[in-house]
S.K.: 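I'd like to ask some things about the structure below.
Values below: every heavy atom of this structure, side chains too, minus hydrogens, waters and symmetry copies. On a predicted model such as this, the values are computed, not experimentally measured, just so you know. Atoms within each ligand, like the ligands themselves, are counted from 1 in listed order. Residue indices begin at 1 and follow the sequence shown.
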Amino acid sequence: MFPQSVFPDTAKVDSQGELVLGGCRASDLADEYGTPVYVLDEETLRARCRSFIDEFRKLHPATHVSYACKAYINPALARLFEEEGMGFDVVSGGELALAINSQVSLDEVYFHGNNKTPQELSEALENNIGWVVVDSFYEMDLLDRLAGEAGKTQDILIRVSPGIDPHTHVYTTTGILDSKFGFSIQTGDAANAVRMGLAAKNLNLRGLHFHLGSPIFELEPYRAAVDLVLRFAAEFREEGLELQRFSPGGGFAIGYTRDQEPPPVSAYAEAIVSTMTATCQDLKMDLPSLVIEPGRAIIGPAGVAIYRIGAIKDVPGVRKFVSVDGGMGDNIRPALYQAQYEVVAAGKANWEPEEKVTIAGKYCESGDLLATDVMLPKLESGDLLAIPAAGAYCPSMASNYNMNPRPPMVLVKDGKSRLIRRRESYQDLMHCDVV
Ligand code: LLP
């Protein structure tokens with residue numbers, strides 16, 4: 001059975017058994033742009049933006065939704081997200097530069113990161129970005145000084161670490177005590193940071209942020225953390241902390257495999273807003289504006305990677321390796337997080353599975369396997385394979401390992417496709433080398 005739930009909204013299988021995305025046949029996309037190619041479905045992207053904005057605003061009208069650029073960004077997408085009313089979460093001077101170049105509004109840009117450099121903070125100040133999310137005592141000092149030198153007052157949030165485990169991969173768990181991110185509430189650092197933020201001459205402390213990890217399939221960690229951080233904030237009311245903005249970050253899960261059922265956006269919204277409302281009522285505190293930062297849940301489900309099969313190696317009684325023309329260079333997630341994906345034979349999308357195979361990449365690493373022991377129809381060299389739910393953290397974490405060019409990105413809608421990033425050339429790979 002075709003795993004519809006992990007594919008973009010417009011995905012279907014045509015009468016010839018071929019995968020169609022945004023009205024474009026997978027084989028036509030492969031012919032036009034080559035393989036591997038990352039296909040993004042515009043309708044899914046826009047629908048996901050709308051669902052975050054609508055579901056949260058339904059319950060709390062003063063909600064800002066910022067797209068977490070780290071999931072993947074480029075200028076065409078930045079424009080699209082702005083059209084949909086999203087702000088942006090950036091984590092480097094590079095992401096900020098992309099936002100600036102794309103001419104999106106910088107008022108709802110939040111600059112995150114545990115070790116922003118002096119240069120990055122200066123760039124943020126020069127460009128008058130809306131918000132810096134301060135993550136360390138070092139940064140608080142530095143930003144206060146740089147803002148003073150620039151004659152500016154910078155609005156900030158402080159990132160606190162609530163010490164709550166969201167039960168996801170250890171590499172993507174952030175809100176616990178043993179984490180490089182944020183000021184721990186438990187150790188007293190968060191309290192000191194709030195006092196320092198309130199005292200800083202050139203900083204305007206307007207709220208708190210936390211981010212628990214990603215992807216988070218449970219609602220309870222959000223509920224517990226929202227309650228805990230609001231209670232923490234209330235302790236500083238008398239000292240002058242006005243919680244105007246409150247940001248529980250991102251981390252909203254998506255389905256990677258057919259058996260996964262992430263909570264709908266409405267359930268995350270309900271968990272966060274109802275806890276916030278109840279706790280604020282209890283504390284007799286005004287409701288702050290809410291800032292949420294989905295990345296994966298916006299672009300993940302919209303993206304499908306299409307590869308072409310080359311070599312097939314059968315080790316009888318052991319394993320059958322089916323190699324494709326991409327791999328860990330465009331999708332490091334299986335190697336890094338043991339992430340699992342569905343694999344569909346794009347030209348045989350509704351055929352019965354017949355054999356167990358392992359999908360290998362083309363990189364010089366034995367660990368370069370995109371999917372292990374998956375059931376697929378009989379495959380031949382030249383067939384196309386599609387990996388869904390590949391829009392987030394695949395192209396953005398891509399590398400040029402083995403001097404392989406990174407794949408193109410194509411936006412599809414209503415039977416038309418548009419290249420939004422071309423494939424890298426060999427010349428691109430040598431562009432920065434100095435001979
Ligand atoms: N806000 C902050 C402060 C974050 O650190 C992150 C993700 C997000 C928002 C967005 O989270 P999302 O909604 O996309 O789950 N490379 C990993 C994911 C790392 C996430 C880092 N921070 C992966 O491939 O699973």
S.K.: Strictly under 6.0 Å, is that where the ring centroids of F56 and Y268 end up?
M.R.: no
S.K.: Are R418 and E42 within salt-bridge range, i.e. N to O under 4.0 Å?
M.R.: no
S.K.: Purely on distance, is any nitrogen or oxygen of P294 under 3.5 Å from one on ligand 1?
M.R.: no
S.K.: Identify, for atom 21 (C) of ligand 1, the protein heavy atom at the shortest distance, and state residue, atom and that distance.
M.R.: K70 CD, 3.7 Å
S.K.: Mark up the atoms of ligand 1 that fall under 4.0 Å of a heavy atom belonging to H209, in ascending order.
M.R.: 3 (C)
S.K.: Please state which part of T174 comes within less than 4.0 Å of ligand 1, counting heavy atoms only: side chain, backbone, both or neither.
M.R.: neither
S.K.: Centroid-to-centroid, H112 to H211, below 6.0 Å?
M.R.: no
S.K.: How far is atom 20 (C) of ligand 1 from the closest protein heavy atom, and which atom is that?
M.R.: Y393 OH, 3.6 Å
S.K.: Less than 4.0 angstrom from a charged side-chain N to a carboxylate O is my criterion; do D428 and R423 meet it?
M.R.: no
S.K.: Which of the atoms in ligand 1, numbered in the order shown and given with their element, are less than 4.0 Å from a heavy-atom of S214?
M.R.: 12 (P), 15 (O)
S.K.: Please say which of T372, L370, L376 ends up in a side-chain contact (heavy atoms from CB on, under 4.5 Å) with V374.
M.R.: L376
S.K.: Ligand 1 versus H169, non-hydrogen atoms closer than 4.0 Å: side chain, backbone, both, neither?
M.R.: neither
S.K.: Show me which atoms of ligand 1 lie under 4.0 Å from any heavy atom of D89.
M.R.: 1 (N), 2 (C), 9 (C)
S.K.: Evaluate the ring planes of Y110 and W131, with Trp represented by its six-membered ring, and classify them as parallel (under 30°), tilted (30 to 60°) or perpendicular (over 60°).
M.R.: parallel
S.K.: Does the gap between the ring centers of F252 and Y222 come in under 6.0 Å?
M.R.: yes
S.K.: Can you label the angle between the Y307 ring and the Y38 ring as parallel, tilted or perpendicular, going by 30° and 60°?
M.R.: perpendicular
S.K.: Taking only heavy atoms of G295, which atoms of ligand 1 are found under 4.0 Å from at least one of them?
M.R.: 12 (P), 13 (O), 14 (O)
S.K.: In the protein, what heavy atom is nearest to atom 17 (C) of ligand 1, and what distance, to one decimal place, separates them?
M.R.: Y337 OH, 3.1 Å
S.K.: So that I can tick it off, tell me whether R319 and D373 are bridged by a salt bridge, with the cut-off set at under 4.0 angstrom between side-chain N and carboxylate O.
M.R.: yes
S.K.: Between Y171 and ligand 1, find which residue part has any heavy-atom pair under 4.0 Å and reply side chain, backbone, both or neither.
M.R.: neither
S.K.: For atom 5 (O) of ligand 1, grab the closest protein heavy atom and report residue, atom and distance to one decimal in Å.
M.R.: H211 CD2, 3.4 Å
S.K.: Please classify the E293 to ligand 1 contact at 4.0 Å (heavy-atom distances, strictly less than): side chain, backbone, both or neither.
M.R.: both
S.K.: Starting from atom 24 (O) of ligand 1, locate the nearest protein heavy atom and write down its residue, its atom name and how far away it is, to 0.1 Å.
M.R.: R333 NE, 2.6 Å
S.K.: Ignoring hydrogens and geometry, is there a side-chain-to-backbone donor-acceptor pair from S399 to Y401 under 3.5 Å?
M.R.: yes
S.K.: Using distance alone, determine whether H112 and ligand 1 share an N or O pair under 3.5 Å.
M.R.: no
S.K.: At a 4.0 Å threshold, what atoms of ligand 1 neighbour a non-hydrogen atom of R159?
M.R.: 3 (C)
S.K.: Out of A68, G182, G113, G251, who gets a non-hydrogen atom closest to atom 11 (O) of ligand 1?
M.R.: G251
S.K.: Identify whether the distance between the nearest side-chain nitrogen and carboxylate oxygen of R145 and D141 falls below 4.0 Å.
M.R.: no
S.K.: Among all the protein's non-hydrogen atoms, which is closest to atom 18 (C) of ligand 1, and how far away is it?
M.R.: R296 NH2, 3.5 Å
